[in-house]
Structures are given as C-alpha cells and as structure tokens.
Amino acid sequence: MDILSIPGEMLDTPEKGVSILDTSFRILEMNTTMHRWYAHRKFRPGEKCYRMYHGRNTPCTFCPARNAFQERRVATGIVPYHGPQREIRGWQKLIVFPLCNGDGKIVGVIEYVEDITREKVLEAEVEKLKVTERFLKGQVALLGELLEKEKEEKRRREEERRRLFATGIRPLLSLLRETLPSEVQRMLLDTLEKALDSFCGGQDVLQVFSLTPREWEVARLLAQGLTSKEIAEVLSVSKKAVDFHRGNIRKKLGIQKTKESLFAALQRSG
C-alpha cells in the first residue's frame, strides 16, 4: 500500500483529526473527525489544505507542514480553526510528521490535529485573572499608603491639639481657677478642663470622666508634682483624705497592682 494512499477510516482516532498531505499541500486523505470539523466545506481529494481548512488562496505563514518539509523533521504549531465565513471558531494544535519513500525522500506529511480551543479560552481567562490580581494588588498597596498618610495626619492633628491645650488653654484655665470664689464653680471648671484635656490629648473619655471632681483636683495637683501633704494644704483637707483619693485614682487608672508611680501614670495619660 502506498504510504500516501491510506484510507481515511484507517486514520480514525477518538477526538483527534488526521490528514495526509503531499509536498504541494494537497489533501490526499482525512479521517472522520476532520470531515466532521469541516463539514461546511465539501472535501475533494487533492484540495489544497490552506484553501480547505483556512479559506486562503496561498499557503499559511504559520504552517507547521511547511516547516516539516523545509527542516525535514517533526514540526508542531497552533493554528486557528476557521468556520464557513473564515471566522475563527477556535484553535488547533498540529503535530506534523514527514513521510519518506524508500529512498529517504520526503513525499508528504501526516498531520495529527487536536482541538485546544477550551485550553486557549482557559489560558485567556487565567491571564485576565492575573491582570486583575496585579491591579488589585496595586490598589491594595495604594490604599495602604493612603491609610498610612491618614494615620500620620491624625497623629499630627492630635499633636497639634495637645500643643494648643498645653500652651494656650491650660494656662488660661489655671488663671481662671484662681478667680473663682465657689468650690462648685471650680469643680465645674475641673470637669471642663478634663473634657478638653481628653479631646486635645486623645485620652479615653470614659476613663477621664470616671474620676470624681475631688479626684480630678487631686490628680491635677499630683500631675504638677505636689506631694500628698502639699495637696492637703492646698485643698484644706487631711493628708489621709488625699491618700484615699490617690488610692482611688490608682485603681481607676488600672495601676493599683503595679509599681508605677502615680505621677508617672498621670504624665503618661496626658
């Protein structure tokens, strides 16, 4: 049997196309799969492969069969699968084997064709996902930078409030306290000062207002470096009363079981 005249039914393989071409790119035989794929074109033995498969009048520039002829070796390639109007319906992978006669002369090729349209579609989807992933990573990085800038701006605003309170508001409140004749007025002023201190210094408001007015007064004087005895003299109360308030303040600040000094804790709290 001539190697170029193998019946098409002998070339049948499940889901694989097979065709035999001579050196002029004429189709000598196709298997059942190829007939099914190209049922929209009436096959005539001797039809040029580029006209039958791709609707062209000249050989394809991407033709693996031409490479097999020229390089005298197995060639592979991926080619488009064209429909009736030369529209691309999908993609095929070709493995082309040179066919030689007894003298070693190439007389044709046999093409094994696999439909890889699904794989190509999946590859395209994967590439889209990679592009989306790179975009999202860029957005996350940008958001991270914006959040850091926002945190830095927040820290700057808090520092500015602390500076304003320490250099402007607190001295004015101290002067005002000296002019207030009523203990109730001074207590209200203490409450106002602590509220402003909380806002300007970034303290926890609930923690700030957990102290009683007298505890505020004791805490304020402690923060100024006064001893219990000195505070007792300023407030006209006993040292024992001051020590009682100091114990409550330590408890409310959560340092009653630590060795941290109350003065240091008050300085740390603002």
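Below, all heavy atoms of this structure are taken into account, side chains as well, without hydrogens, waters or symmetry copies. Being a predicted model, the structure only gives us computed values, none of them experimental.
- A distance-only check finds no donor-acceptor pair linking the side chain of K120 to the backbone of Q92 [under 3.5 Å].
- W37 approaches G17 most closely through the heavy-atom pair CH2-N, 3.8 Å.
- Considering NZ of K42 and CD of E47, their distance stands at 11.5 Å, rounded to 0.5 Å.
- Annotation: side chain of T33 is not in contact with side chain of K16 (no heavy-atom distance under 4.5 Å).
- Using a cut-off of 4.0 Å between Lys/Arg side-chain N and Asp/Glu carboxylate O, K149 and E145 are scored as not salt-bridged.
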**OP:** Check the pair I106 / L99 against side-chain contact (heavy atoms from CB on, under 4.5 Å), numbers first and verdict last.
**Re:** CA-CA 6 Å; I106 294 180; L99 297 175; over 6 Å; no
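- From I78, atom CD1 reaches atom CD of E114 across 10.0 Å, with rounding to the nearest 0.5 Å.
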Original post:
Please walk me through it: do E153 and R156 pass salt bridge (Lys or Arg N to Asp or Glu O under 4.0 Å)?
Top reply: CA-CA 5 Å; E153 178 62 20; R156 188 194 65 77; 2.5 Å; yes
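- The hydrophobic clustering, which links ILVMFWY residues whose side-chain heavy atoms are closer than 4.5 Å, places I27 and Y50 together.
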Subject >> Check against salt bridge (Lys or Arg N to Asp or Glu O under 4.0 Å), E123 and K130 >> reply: CA-CA 10 Å; E123 286 177 4; K130 288 181 178 178; over 6 Å; no
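- Of the inter-residue distances, the one linking E111 atom CD with I95 atom CD1 reads 11.0 Å to the nearest 0.5 angstrom.
- Under a 3.5 Å cut-off, the side chain of D103 and the backbone N or O of K105 do not form any donor-acceptor pair.
- Transitive grouping of hydrophobic side chains (ILVMFWY, heavy atoms separated by less than 4.5 Å) keeps W91 and V113 in distinct clusters.
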Original post:
side-chain contact (heavy atoms from CB on, under 4.5 Å) between Y53 and S19: does it pass, once the steps are laid out?
Top reply: CA-CA 11 Å; Y53 299 147; S19 63; 3.3 Å; yes
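- I116 and L94 are members of different hydrophobic clusters when ILVMFWY side chains are connected at heavy-atom separations under 4.5 Å.
- E152 has a carboxylate O that lies under 4.0 Å from a charged side-chain N of R155, or vice versa, which qualifies the two as a salt bridge.
- In the hydrophobic clustering of this structure, F244 does not group with I249; members are Ile, Leu, Val, Met, Phe, Trp, Tyr whose side-chain heavy atoms approach within less than 4.5 Å, directly or through other members.
- Among residues at least two apart or in separate chains, there is no ring-ring contact (aromatic ring centres under 6.0 Å, His included) pair with a member in residues 130-157.
- Distance alone, capped at 3.5 Å, is enough to place a donor-acceptor pair between the R56 side chain and the P59 backbone.
- The shortest heavy-atom contact between R89 and G83 is NE-CA, 3.6 Å.
- Atom CD of E87 is separated from atom NE2 of H82 by 8.5 Å, given to the nearest 0.5 angstrom.
- At least one side-chain heavy atom of S24 sits under 4.5 Å from a side-chain heavy atom of K48.
- The closest side-chain heavy-atom distance from V79 to H54 is below 4.5 Å.
- For residues 64-76, the side-chain hydrogen bond (donor to acceptor under 3.5 Å, both in side chains) pairs, not counting sequence neighbours, are E71-R73.
- Using a 4.5 Å cut-off on side-chain heavy atoms (C-beta onward), M52 and M30 make contact.
- Nearest approach of T117 to G90, heavy atoms of both residues: OG1-CA, 3.1 Å.
- When all heavy atoms of E230 and G225 are compared, the pair lying nearest together is OE1-O, 4.4 Å.
- With contacts defined as side-chain heavy-atom distances shorter than 4.5 Å, the pair F25/C63 qualifies.
- Residue V121 is not grouped with residue I88 when hydrophobic side chains (ILVMFWY) are merged at heavy-atom distances under 4.5 angstrom, including chains of intermediate members.
- Environment of CZ in F69: crowded, with over 12 heavy atoms of neighbouring residues, nucleotides or ligands closer than 6.0 Å.
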Subject >> Q224 and R220: CA distance, side-chain angles, deciding distance, side-chain contact (heavy atoms from CB on, under 4.5 Å) verdict >> reply: CA-CA 6 Å; Q224 294 176 10; R220 182 180 65 82; 3.0 Å; yes
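- Here the closest non-hydrogen pair linking G108 and T23 is N-CG2, 4.0 Å.
- With values rounded to the nearest 0.5 angstrom, L221 atom CG is found 5.5 Å from L226 atom CG.
- The distance from atom CZ of R134 to atom CD of Q139, rounded to the nearest 0.5 Å, is 14.0 Å.
- Nearest heavy atom pair, residue S228 against residue D243, reads OG-OD1, 3.1 Å.
- Separation of the Y38 and Y81 ring centroids falls under the 6.0 Å cut-off.
- In the displayed structure, R36 atom CZ is contacted under 6.0 Å by more than 12 heavy atoms of other residues, nucleotides or ligands.
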